[in-house]
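This report concerns only the one structure given below.
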Amino acid sequence: LLMYDWCSWIPNAPPTMRAPPPTAKGVVTIEQIVDSLPDRGRSCWHLGAVWALSQFQENELFLGMYPEEHFIEKPVKQAMARFRKNLEAIVSMIAERNKNKKLPYYYLSPDRIPNSVAI
């Protein structure tokens with residue numbers, strides 16, 4: 001959901017601009033910024049698209065999850081087991097870091113990263 005969390009505030013990632021960007025730093029007014037942001041309709045369309053692209057599938061496979069039938073060789077299965085063990089250690093480390101945070105950061109936790117991307 002990182003993409004939606006970031007892009008849901010339109011000034012972070014405006015899908016269109018109604019005015020060209022400023023050419024000088026430090027001279028832009030709030031009115032110029034507001035006038036350059038997309039209108040409500042375009043913003044709503046953008047939010048819908050970003051939300052849809054940010055969702056996990058019901059049967060989502062995450063990093064390290066592979067259908068077993070694709071790999072039958074013993075060395076490959078051993079390598080996969082080591083990889084999964086390393087991923088589990090990383091997940092635990094991230095969970096420990098986030099334990100007392102007001103705003104936990106879990107976006108790069110392996111158990112939240114899809115194994116592949118399909119749009």
Side-chain angles (χ1 to χ4, degrees):
L1 292 174
L2 172 61
M3 188 160 94
Y4 183 74
D5 289 351
W6 177 258
C7 296
S8 61
W9 194 60
I10 296 299
N12 277 348
T16 60
M17 298 289 284
R18 293 186 292 169
T23 56
K25 291 196 178 281
V27 294
V28 175
T29 66
I30 192 69
E31 290 80 18
Q32 290 171 310
I33 293 171
V34 170
D35 289 343
S36 69
L37 291 173
D39 61 28
R40 186 179 308 153
R42 179 56 50 188
S43 296
C44 290
W45 182 92
H46 172 72
L47 289 175
V50 170
W51 182 86
L53 293 171
S54 298
Q55 301 305 301
F56 294 126
Q57 299 295 317
E58 287 180 22
N59 59 348
E60 190 83 57
L61 294 177
F62 294 96
L63 201 57
M65 298 171 70
Y66 308 101
E68 293 294 325
E69 66 270 8
H70 292 312
F71 304 100
I72 56 172
E73 298 87 1
K74 189 174 181 179
V76 174
K77 287 189 174 237
Q78 290 170 340
M80 287 172 47
R82 284 191 310 273
F83 181 58
R84 286 182 182 138
K85 189 174 181 180
N86 290 339
L87 292 175
E88 287 172 13
I90 293 168
V91 169
S92 295
M93 187 172 28
I94 290 171
E96 185 64 31
R97 286 182 188 171
N98 282 330
K99 196 180 283 184
N100 296 318
K101 302 235 184 228
K102 289 182 181 178
L103 183 62
Y105 186 87
Y106 56 85
Y107 298 113
L108 294 178
S109 184
D111 60 346
R112 305 269 307 167
I113 299 173
N115 196 22
S116 64
V117 177
I119 296 178

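The first residue in the sequence is number 1, and the count goes up from there.
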Does Ser36 reach the main-chain N or O of Ile33 with its side chain, forming a donor-acceptor pair under 3.5 Å?
yes

Can you see which heavy atom on Val28 is nearest to which on Ala24, and at what distance?
CG2-O, 4.5 Å

Can you name the salt bridge (Lys or Arg N to Asp or Glu O under 4.0 Å) partners of Arg42, sequence neighbours left out?
none

Residues in ring pair (Phe, Tyr, Trp, His ring centres under 6.0 Å) contact with Phe83, at least two apart in sequence or another chain:
none

Sub-4.5 Å side-chain heavy-atom contact between Lys74 and Gln78:
yes

Determine, using the 4.5 Å side-chain heavy-atom cutoff (strictly less than), whether Phe62 and Ile113 are members of one ILVMFWY cluster.
no

N/O donor-acceptor pairs under 3.5 Å from side chains in residues 13-23, not counting sequence neighbours:
unit_1: Arg18; atom_1: NE; unit_2: Leu37; atom_2: O; d: 2.5
unit_1: Arg18; atom_1: NH2; unit_2: Val34; atom_2: O; d: 3.4
unit_1: Arg18; atom_1: NH2; unit_2: Leu37; atom_2: O; d: 3.0

Under the 3.5 angstrom rule, does the side chain of Ser109 hit a backbone N or O of Arg112 as a donor-acceptor pair?
no

Those residues at least two apart in sequence (or on a different chain) that pass side chain to side chain donor-acceptor pair (under 3.5 Å) with Glu88 are none

Any chance you could measure Arg97, atom CZ, to Ser92, atom OG, to the nearest 0.5 Å?
12.0 Å

Can you hop from Tyr106 to Leu108 via hydrophobic side chains spaced under 4.5 Å?
yes

Atom of Glu60, atom of Met65 and distance for their closest heavy-atom approach
O-CE, 4.4 Å

Hey, any chance Met80 and Leu63 share a hydrophobic cluster, counting ILVMFWY side chains that come within less than 4.5 Å of each other, even indirectly?
yes

Residues that Lys99 engages under side chain to side chain donor-acceptor pair (under 3.5 Å), provided they are two or more places apart
Glu96

At their closest point, which heavy atom of Phe56 faces which heavy atom of Pro114, and how far apart are they?
CE2-CG, 3.7 Å

Keeping the roles fixed (side chain from Ser54, backbone from Tyr4), state whether a donor-acceptor pair exists under 3.5 Å.
yes

In Å and rounded to the nearest 0.5 Å, what is the OG1 to CD distance from Thr29 to Gln32?
3.5 Å

Exceeds 12 heavy-atom contacts within 6.0 angstrom, atom CG of Asn12:
yes

Close side-chain approach of Lys101 to Tyr105, heavy-atom, < 4.5 Å:
no

Ignoring hydrogens, what is the shortest heavy-atom contact between Leu47 and Cys7? Give both atom names and the distance.
CD2-O, 4.0 Å

Is any side-chain heavy atom of Ile10 less than 4.5 Å from a side-chain heavy atom of Pro38?
yes

Heavy-atom distance under 4.5 Å between the side chains of Tyr66 and Lys77, does that happen here?
no

Give a yes or no on whether the backbone of Ala52 and the side-chain of Gln55 come within a donor-acceptor separation of less than 3.5 Å.
no

Check whether any side-chain heavy atom of Val76 lies under 4.5 Å from a side-chain heavy atom of Phe71, and answer yes or no.
yes

Counterpart residues, side chain to side chain donor-acceptor pair (under 3.5 Å), relative to Asn115 (two or more places apart)
none

Rounded to the nearest 0.5 angstrom, the CG-CZ distance for Asn86 and Arg82 is 8.5 Å

Check whether any side-chain N or O of Arg84 sits under 3.5 Å from a backbone N or O of Gly64 as a donor-acceptor pair, and report yes or no.
yes

